[in-house]
Amino acid sequence: MEPTYEVLALRFARTAPDRPRRENFMPGMDLHEGPMPLDYYIWVIRGHGRVVVVDTGFGQEAAEERGRELIHAPAALLAKAGIDAATVKDVVLTHLHYDHAGSLNDFPAATFHLQDEEMRYATGRPMCHACLRAPFNLRDVIDAVALVHGGRMKFHDGDAQLFPGISLHRVGGHTGGLQVVRVATARGPLVLASDAFHFSENRRRRAPFPLVHHVGEMLDGFIRCEELAEGREDLLVAGHDPEVRERWPELIPGFPDIVRLDLDPR
């Protein structure tokens with residue numbers, strides 16, 4: 001029988017609350033005005049003596065550079081959930097943008113899991129274009145390369161079984177090697193979509209987020225995520241949507257920045 005896991009979403013940062021909706025859809029894909037802020041998350045999969053962290057967030061320096069509000073340092077937020085970042089053995093990097101692959105040095109004992117194509121993308125020809133390299137932080141990419149040379153990066157080529165009940169799936173689109181994570185939970189196969197779709201509305205309306213490497217792959221990625229979740233909306237977790245904190249129950253009563261995705265949404 002396939003093991004099932006507890007899955008957490010941990011909100012560590014946010015944009016200004018007045019971020020306009022039009023910044024979250026490709027031109028012509030949104031006909032409404034009004035605010036639509038982003039939340040920034042990392043995720044945790046734990047159970048059966050195993051802890052897997054998905055993405056590592058960013059720290060105060062990057063927050064100031066990018067005009068983001070850092071609510072919690074990612075390692076401190078993990079500690080709130082009972083996890084010592086220094087002892088985590090496995091970290092999945094969905095991609096290498098600054099908001100997903102900063103703070104790598106907070107995980108000195110970890111092996112990192114990345115798609116082959118993402119490293120090629122982040123260090124190759126696409127980075128000759130300013131609009132594609134803008135969401136990367138050079139020092140994070142250098143840290144990722146150092147992990148390769150230190151024997152702590154494990155590469156995957158497309159779909160891969162990480163552990164029983166936890167699998168990785170390359171969808172691309174947003175970046176060359178974006179991967180999503182499928183996790184067996186007591187209520188079904190949960191998909192941590194990361195930036196395959198920033199908001200559920202991007203996917204539902206087939207209206208891509210404008211920061212995209214390959215639009216066709218992004219649109220196909222919407223479909224792939226839906227297939228991985230067996231068509232269930234309640235098993236699809238968007239990468240930056242404030243609705244995540246609103247829909248799922250808190251891990252710690254009265255503390256809204258860590259929620260249990262393996263439980264039924266509210």
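This one's a predicted model, so the numbers in the text were calculated from it and none came from an experiment.
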**OP:** For Arg247, check side-chain hydrogen bond (donor to acceptor under 3.5 Å, both in side chains) against everything at least two apart and list the hits.
**Re:** none
Original post:
Who pairs with Glu2 by salt bridge (charged side-chain N to carboxylate O under 4.0 Å, His left out), at least two apart in sequence or on another chain?
Top reply: none
Subject >> Donor-acceptor contact below 3.5 Å, side chain Ser103 vs main chain Asp106 >> reply: no
Subject >> ring pair (Phe, Tyr, Trp, His ring centres under 6.0 Å) partners of Phe58, counting only residues at least two apart >> reply: Phe12, Tyr40, Tyr98
Subject >> Test salt bridge (charged side-chain N to carboxylate O under 4.0 Å, His left out) applied to Arg68 - qualifying residues, sequence neighbours left out >> reply: none
Subject >> Single-linkage hydrophobic cluster Val44~Leu263, side-chain heavy atoms < 4.5 angstrom >> reply: no
Subject >> Residue pairs passing the side chain to side chain donor-acceptor pair (under 3.5 Å) test where at least one lies in residues 49-62, sequence neighbours excluded >> reply: Tyr5-Arg50, Asp55-Thr94, Asp55-His100, Gln60-Glu64
Pairs under 3.5 angstrom only: tabulate donor-acceptor contacts from the side chains of residues 134-151 to other protein residues two or more places apart or in another chain.
| residue | atom | partner | partner atom | Å |
| --- | --- | --- | --- | --- |
| Asn137 | OD1 | Arg139 | N | 3.1 |
| Arg139 | NH2 | Glu65 | OE1 | 3.3 |
| Arg139 | NH2 | Glu65 | OE2 | 3.4 |

Original post:
Going by atom types alone, do Asp195 and His97 pair a side-chain donor with an acceptor below 3.5 Å?
Top reply: no
Subject >> With Asp30 via salt bridge (charged side-chain N to carboxylate O under 4.0 Å, His left out) - residues at least two apart >> reply: Arg21, Arg205
Original post:
Does the side chain of Pro35 reach to within under 4.5 Å of the side chain of Arg19, using non-hydrogen atoms?
Top reply: no
**OP:** Just do the side-chain contact (heavy atoms from CB on, under 4.5 Å) check on Val91 and Thr111 with the steps written out, would you?
**Re:** CA-CA 6 Å; Val91 174; Thr111 295; over 6 Å; no
**OP:** Calculate, to the nearest 0.5 Å, the distance between atoms CD and CG belonging to Glu230 and Leu190 respectively.
**Re:** 11.5 Å
**OP:** May I ask you to test the Val52-Arg46 pair for a side-chain heavy-atom distance under 4.5 Å?
**Re:** no
Subject >> Stepwise side-chain contact (heavy atoms from CB on, under 4.5 Å) test for Leu261 and Leu192 >> reply: CA-CA 10 Å; Leu261 301 174; Leu192 299 175; 3.7 Å; yes
Let me check something: any side-chain donor-acceptor pairs from residues 77-87 under 3.5 Å, sequence neighbours excluded? List them with distances.
| residue | atom | partner | partner atom | Å |
| --- | --- | --- | --- | --- |
| Asp84 | OD1 | Ala86 | N | 3.0 |
| Thr87 | OG1 | Asp84 | O | 2.9 |

Subject >> Pair Asp116-His156, side-chain donor/acceptor within less than 3.5 Å >> reply: no
Original post:
Quick one: do Arg204 and Glu201 make a salt bridge, cutoff under 4.0 Å?
Top reply: no
Original post:
Are the side chains of Pro189 and Val183 in touch, meaning some heavy atoms are under 4.5 Å apart?
Top reply: no
**OP:** Keeping the roles fixed (side chain from Thr15, backbone from Leu38), state whether a donor-acceptor pair exists under 3.5 Å.
**Re:** yes
Original post:
Are Leu132 and Val215 co-members of a hydrophobic cluster defined by side-chain heavy atoms under 4.5 Å apart?
Top reply: yes
Original post:
Looking only at heavy atoms, which two atoms of Val180 and Cys225 are closest? And how far apart?
Top reply: CG1-SG, 4.0 Å
Original post:
Any donor and acceptor pair, going by atom type alone, linking the side chain of Asp241 with main-chain N or O of Ala238 inside 3.5 Å?
Top reply: no
Original post:
Taking only residues two or more places apart in sequence or in another chain, which ones pass side-chain hydrogen bond (donor to acceptor under 3.5 Å, both in side chains) with His213?
Top reply: none
Original post:
Are Leu168 and Gln161 side-chain neighbours, meaning at least one heavy-atom pair lies under 4.5 Å?
Top reply: no
Original post:
Is a side-chain donor or acceptor of Arg11 paired with a backbone partner of Asp39 at a separation under 3.5 angstrom?
Top reply: no
Subject >> Closest contact, heavy atoms only, Phe222 versus Ala207 >> reply: CE1-N, 4.3 Å
**OP:** Report the residues that fulfil side-chain hydrogen bond (donor to acceptor under 3.5 Å, both in side chains) with Ser167, sequence neighbours left out, ordered by chain and then residue number.
**Re:** His169
Subject >> Exceeds 12 heavy-atom contacts within 6.0 angstrom, atom CZ of Arg125 >> reply: no
**OP:** Kindly indicate, with the supporting measurements, whether the criterion side-chain contact (heavy atoms from CB on, under 4.5 Å) is fulfilled by Leu251 and Leu8.
**Re:** CA-CA 8 Å; Leu251 174 70; Leu8 308 177; 4.1 Å; yes
Original post:
Do you know which two heavy atoms are closest between Leu93 and Gln179, and how far apart they sit?
Top reply: O-NE2, 2.9 Å
Original post:
What's the spacing between Phe163 CZ and Ile45 CD1 if we round to 0.5 Å?
Top reply: 9.5 Å
Original post:
Which atoms form the tightest heavy-atom contact between Glu243 and Ser200, and what is the distance?
Top reply: OE2-OG, 2.6 Å
Original post:
For Leu219, does its backbone N or O pair with a side-chain atom of Arg206 as donor and acceptor, under 3.5 Å?
Top reply: no
Original post:
If you take all heavy atoms of Gly177 and Arg170, which pair is closest and at what distance?
Top reply: CA-NE, 4.0 Å
Original post:
Under the 3.5 angstrom rule, does the side chain of His48 hit a backbone N or O of Thr4 as a donor-acceptor pair?
Top reply: yes
Original post:
Can you name the closest pair of heavy atoms from Pro164 and Pro3 and give their distance?
Top reply: O-CG, 3.4 Å
Original post:
Under a 4.5 Å cut-off applied to non-hydrogen side-chain atoms, are Met36 and Phe199 in contact?
Top reply: yes
**OP:** Verify whether the ring centers belonging to His174 and His214 lie closer than 6.0 Å.
**Re:** no
Subject >> Gln115 (side chain) donor-acceptor with Glu117 (main chain) under 3.5 angstrom >> reply: no
Original post:
Under the side chain to side chain donor-acceptor pair (under 3.5 Å) criterion, do His198 and Asn24 qualify, and how do the steps go?
Top reply: CA-CA 8 Å; His198 284 54; Asn24 298 326; over 6 Å; no
Subject >> Heavy-atom check, side chain of Phe255 versus side chain of Glu250, under 4.5 Å >> reply: no
**OP:** Measure the CE-CZ distance between Met29 and Phe209 for me, rounded to the nearest 0.5 Å.
**Re:** 14.0 Å
Subject >> Donor-acceptor under 3.5 Å (Glu118 side chain, Leu96 main chain) >> reply: yes
**OP:** Sequence neighbours left out, what passes side-chain hydrogen bond (donor to acceptor under 3.5 Å, both in side chains) with Asp234? Give chain and number order.
**Re:** Arg187, Arg232
Original post:
Got a second to check how far Asp220's CG is from Glu227's CD, nearest 0.5 Å?
Top reply: 9.5 Å
Original post:
Would Arg203 and Glu233 pass as an ion pair if we require N to O under 4.0 Å?
Top reply: yes
Original post:
Got a second to check how far Leu10's CG is from Ile258's CD1, nearest 0.5 Å?
Top reply: 4.5 Å
Subject >> Ring geometry between Trp43 and Tyr41 (parallel below 30°, tilted from 30 to 60°, perpendicular above 60°) >> reply: parallel
**OP:** For Asp262, check salt bridge (charged side-chain N to carboxylate O under 4.0 Å, His left out) against everything at least two apart and list the hits.
**Re:** Arg260
Original post:
Can you list the steps and then say if Val237 with Val191 is a side-chain contact (heavy atoms from CB on, under 4.5 Å)?
Top reply: CA-CA 6 Å; Val237 182; Val191 176; over 6 Å; no
